[in-house]
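First the structure, in the form of structure tokens, and then the observations on it.
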Amino acid sequence: MTGEVRVTARARIVGWMLLLVGLALAGSVTVTWSVLSARLNDRVDNELTHEANKLRSYMGNGVDPATGRRATDLTELLERYLVHNLPDGYETFFSVVDGRTVNRSAQDPLARLDLDRAFVARAARAKEPTYGWAESSAGDVRYAVLPVRMDGDPRQAALVVVEFRDALREEVNETTRVLGFTAFGALAVAGVVGWLIAGRVLAPIRLVRQTAEQIGESDLTRRLLVRGNDDVAALASTFNRMLDRLESAFAAQRRFLDDAGHELRTPITVIRGHLELMGDDPDEREETRTLLMEELDRMNRMVNDLIMLAKADRPDFLDLGEIDLADLTVDVVAKSRGLGDRRWRVGAVAEVRVLGDAQRLTQALMQLASNAVRHTGDGDTIEVGSAVRDGSVLLWVRDTGPGVAAEDRERIFERFVRAGSGPRPAEGAGLGLTIVASIAKAHGGTAFVQSPLEGGAQFVLDIPLRPVVDAGATTVVLPAPEVMR
Ligand SMILES: Nc1ncnc2c1ncn2[C@@H]1O[C@H](COP(=O)(O)OP(=O)(O)OP(=O)(O)O)[C@@H](O)[C@H]1O
Ligand SMILES: [Mg+2]
């Protein structure tokens, strides 16, 4: 992960958050505005109805609450009504008698409709309570003309109630604006806080990146500090475990190279020494030549073994196929006869077919057989056998030689280790058993040596191979999972 990618990740997280929250806020502000606007007209109509009811109840008794006197004519009645009923900030009331404005409520209205001749004339014509819309200098207004009659006064009179709807709407707009500003102010604060939090959350990932950058092939010892038990801590642990594996893989590779270099130096020194000391005597030259050829052969074998061991960890090391274990066991004995004059025997044979690499398994058993030959004499018995036990396939080579000392049983499987107890210890490179062990490991199993009661050594490959099951015409292959690696 590069620096730019990290910044982009942070910006992307915060950007998406802001976009989503911003859309949600914009939506809720718009909805609020439309709901308030829709309620506005209802509110205005309610006000007009309310005023009409008030006037009706006032007309009902016609008594002035202040003086307790009845009005004598329409002008006085409406004047008193206007004195006692005060409009709020978005209303105005006035009385029209015989086509002219007579009184107006005391508060200054937002627009003087009482001075609008056309409007007053229209109001004067109303015989019944009339509701309508009109234009004014303060925008659209909703009005009601409420005609008033009185016994003994034949004049035409009406109370006009005006609601400044557009002015009220401006109030709604103002409320919405304040709401919008507050919401988007909060959004900006959330953006800043989100940016800081995203930075904190991504900081451990940055640490992982920086550590990864600092780790070179030469120094795999660095590890990340694991704090807490969240996802980032899990990432750091996984990363550390990967480094553990890499470190041990590199260390193994280095040991392999060290060992190989060290072991190859011996035959080179031997060859060089012989060549330097070689005289002119033809017999001696012939003898040296034979010796050098043998040494070169040994080197060649060692290099081939090393190449094979280097390949053993690769996934394509095995070429899996169906193997008939009984055939394999018998074949190994047949091939081994050429290795030496011994009493070769086929021990138990497992009559099963399994999934594995027949060539590699044969190679492992041949290594064991050649060891057995090297550690036995003429007339000794060498047995090769196979069996299925506890879901495992066992393949073994057993001899009647000197056996392996208890303290050597594990270390002889290591590279270049020769126990030295055999009759001709210098001959081998000490790679044979390592190859056997790596073939067993590649099949998901192990190799070990045990000492039978009757003496000698028994080298065993224990491989968790499951039998291949024949189901009618089709063959169902059930390999152990490890084998598939
Ligand atoms: N059948 C055996 N009986 C007793 N000791 C054995 C037997 N097989 C192996 N060993 C001991 O284990 C050691 C390691 O064996 P390994 O096959 O790895 O090496 P090697 O046979 O010496 O050399 P290479 O196989 O590379 O030619 C041998 O040196 C020997 O001491
Ligand atoms: Mg060997």
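Sequential numbering from 1 along the given sequence is applied to the chain's residues.
- Annotation for Ala350 and Ser386: closest pair N-OG, 3.0 Å, computed over non-hydrogen atoms.
- Applying the salt bridge (Lys or Arg N to Asp or Glu O under 4.0 Å) test to Arg409 and every residue at least two apart in sequence or in another chain returns nothing.
- Annotation: side chain of Val96 is not in contact with side chain of Val145 (no heavy-atom distance under 4.5 Å).
- For the residue pair Thr75 and Arg155, a side-chain donor N or O sits within less than 3.5 Å of a side-chain acceptor on the partner.
- Under 4.0 Å is where a charged nitrogen must lie from a carboxylate oxygen, and between Asp408 and Arg411 at least one such pair does.
- By the 4.5 Å heavy-atom criterion applied to side chains, Arg117 and Val120 are not counted as neighbours.
- Val384 and Thr329 get closest at one heavy-atom pair: O-CG2, 3.8 Å.
- Using a 4.0 Å cut-off between charged side-chain N and carboxylate O, Arg418 and Glu263 make a salt bridge.
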Next on the checklist: I'd like to know whether Ile439 forms a side-chain contact (heavy atoms from CB on, under 4.5 Å) with Met308, so could you lay out the CA-CA distance, the side-chain angles of the two residues, the decisive distance to 0.1 Å, and finally the verdict.
Outcome noted: CA-CA 10 Å; Ile439 289 172; Met308 210 206 92; 4.3 Å; yes
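- Atom-to-atom distance recorded for Glu163:CD and Asn46:CG is 10.0 Å, nearest 0.5 angstrom.
- More than 12 heavy atoms of other residues, nucleotides or ligands shown are found within 6.0 angstrom of CG on Asp42.
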Item to check | Phe256 and Leu306: CA distance, side-chain angles, deciding distance, side-chain contact (heavy atoms from CB on, under 4.5 Å) verdict | outcome: CA-CA 9 Å; Phe256 185 91; Leu306 285 172; 3.7 Å; yes
Next on the checklist: Could you go through Arg223 and Asp244, starting from their C-alpha distance and side-chain angles, then the distance that decides it, and tell me whether this counts as salt bridge (charged side-chain N to carboxylate O under 4.0 Å, His left out)?
Outcome noted: CA-CA 9 Å; Arg223 291 293 180 275; Asp244 289 345; 2.8 Å; yes
Checklist entry - Could you walk me through whether Leu179 and Trp33 pass the side-chain contact (heavy atoms from CB on, under 4.5 Å) check? => result CA-CA 10 Å; Leu179 186 71; Trp33 179 81; over 6 Å; no
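- Results of the side-chain contact (heavy atoms from CB on, under 4.5 Å) test with Val393 over Leu361, Asp462, Leu325, Leu461 single out Leu325 as the only residue that passes.
- Between Thr434 and Glu414 there is no side-chain heavy-atom pair separated by less than 4.5 Å.
- Between Arg43 and Glu47 there is no salt bridge, since no side-chain nitrogen of the basic residue lies less than 4.0 Å from a carboxylate oxygen of the acidic one.
- Between the CG atom in Asn85 and the CD atom in Glu51 there is a gap of 6.5 Å [rounded to 0.5 Å].
- Within a 6.0 Å radius of CD in Glu135, no more than 12 heavy atoms belonging to other residues, nucleotides or ligands are found.
- In this structure, Glu128 places its CD atom where only 12 or fewer heavy-atom neighbours from other residues, nucleotides or ligands lie under 6.0 Å away.
- Taking 4.5 Å as the limit, every side-chain heavy atom of Asp116 sits out of range of all side-chain heavy atoms of Ser136.
- Here the side chains of Val35 and Val31 are in contact, with some heavy-atom distance below 4.5 Å.
- Counting heavy-atom neighbours within 6.0 Å of Gln359 CD, excluding the residue itself, gives a total of 12 or less.
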Checklist entry - Under the side-chain contact (heavy atoms from CB on, under 4.5 Å) criterion, do Lys54 and Tyr81 qualify, and how do the steps go? => result CA-CA 10 Å; Lys54 264 191 342 196; Tyr81 182 82; 3.6 Å; yes
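- For Ala124 against Gly99, the heavy-atom pair with the smallest separation is CB-CA, 3.5 Å.
- With Ser105 contributing its side chain and Phe93 its backbone, the two residues share a donor-acceptor pair below 3.5 Å.
- When atom types are taken as modelled, the side chain of Thr101 and the backbone of Asp114 share a donor-acceptor pair closer than 3.5 angstrom.
- Gln367 is not listed as a side-chain neighbour of Phe459, based on a closest heavy-atom distance of 4.5 Å or more.
- Two residues are said to be in side-chain contact when any heavy atoms from C-beta on lie closer than 4.5 Å; Asn371 and Leu433 meet this criterion.
- Rounded to the nearest 0.5 angstrom, Phe94 CZ and Leu82 CG are separated by 10.0 Å.
- Judged purely by atom type and a 3.5 angstrom limit, Asp140 has no side-chain atom pairing as donor or acceptor with the backbone of Asp166.
- Residues Glu171 and Tyr90 approach most closely at OE2-OH, 3.6 Å, considering heavy atoms.
- Smallest separation of non-hydrogen atoms from Asp357 and His443: N-NE2, 3.0 Å.
- Once rounded to the nearest 0.5 Å, the distance linking CE of Met242 with OG of Ser237 reads 12.5 Å.
- Separating the OG1 atom in Thr362 from the CD1 atom in Ile323 is a distance of 7.5 Å, to the nearest 0.5 Å.
- Side-chain N or O atoms of Arg165 include none that pairs as donor or acceptor with a backbone N or O of Asn41 at under 3.5 Å.
- Within 6.0 Å of atom CD in Gln450, more than 12 heavy atoms from other residues, nucleotides or ligands are found, so the atom counts as buried in its surroundings.
- Checked by atom type and distance alone, the side chain of Ser95 pairs as donor or acceptor with a backbone atom of Asn103 at under 3.5 Å.
- Residue Asp231 places its CG atom among 12 or fewer non-hydrogen atoms of other residues, nucleotides or ligands, all under 6.0 Å distant.
- The minimum heavy-atom distance linking Ser451 with Val404 is given by the pair OG-O, 4.0 Å.
- Between the side chain of Asp153 and the backbone N or O of Leu74 there is at least one donor-acceptor pair closer than 3.5 Å.
- Around CG of Asp88, the count of heavy atoms belonging to other residues, nucleotides or ligands within 6.0 Å exceeds 12.
- If you take CG on Leu19 and CZ on Arg12, they are separated by 14.0 Å, rounding to the nearest 0.5 Å.
- Pairs passing the ring-ring contact (aromatic ring centres under 6.0 Å, His included) check and including a residue from residues 124-163, sequence neighbours excluded, read Phe119-Tyr143.
- Counting only residues at least two apart or on different chains, no ring-ring contact (aromatic ring centres under 6.0 Å, His included) pair has a member in residues 169-188.
- Residues Glu170 and Arg177 are paired through a salt bridge, judged by an N-O separation under 4.0 Å between the basic side chain and the carboxylate.
- In this structure, Val102 and Leu78 have side chains that are not in contact, with every pair of non-hydrogen atoms separated by 4.5 Å or more.
- Asn53 and Arg56 share a donor-acceptor pair across their side chains, judged by distance under 3.5 Å alone.
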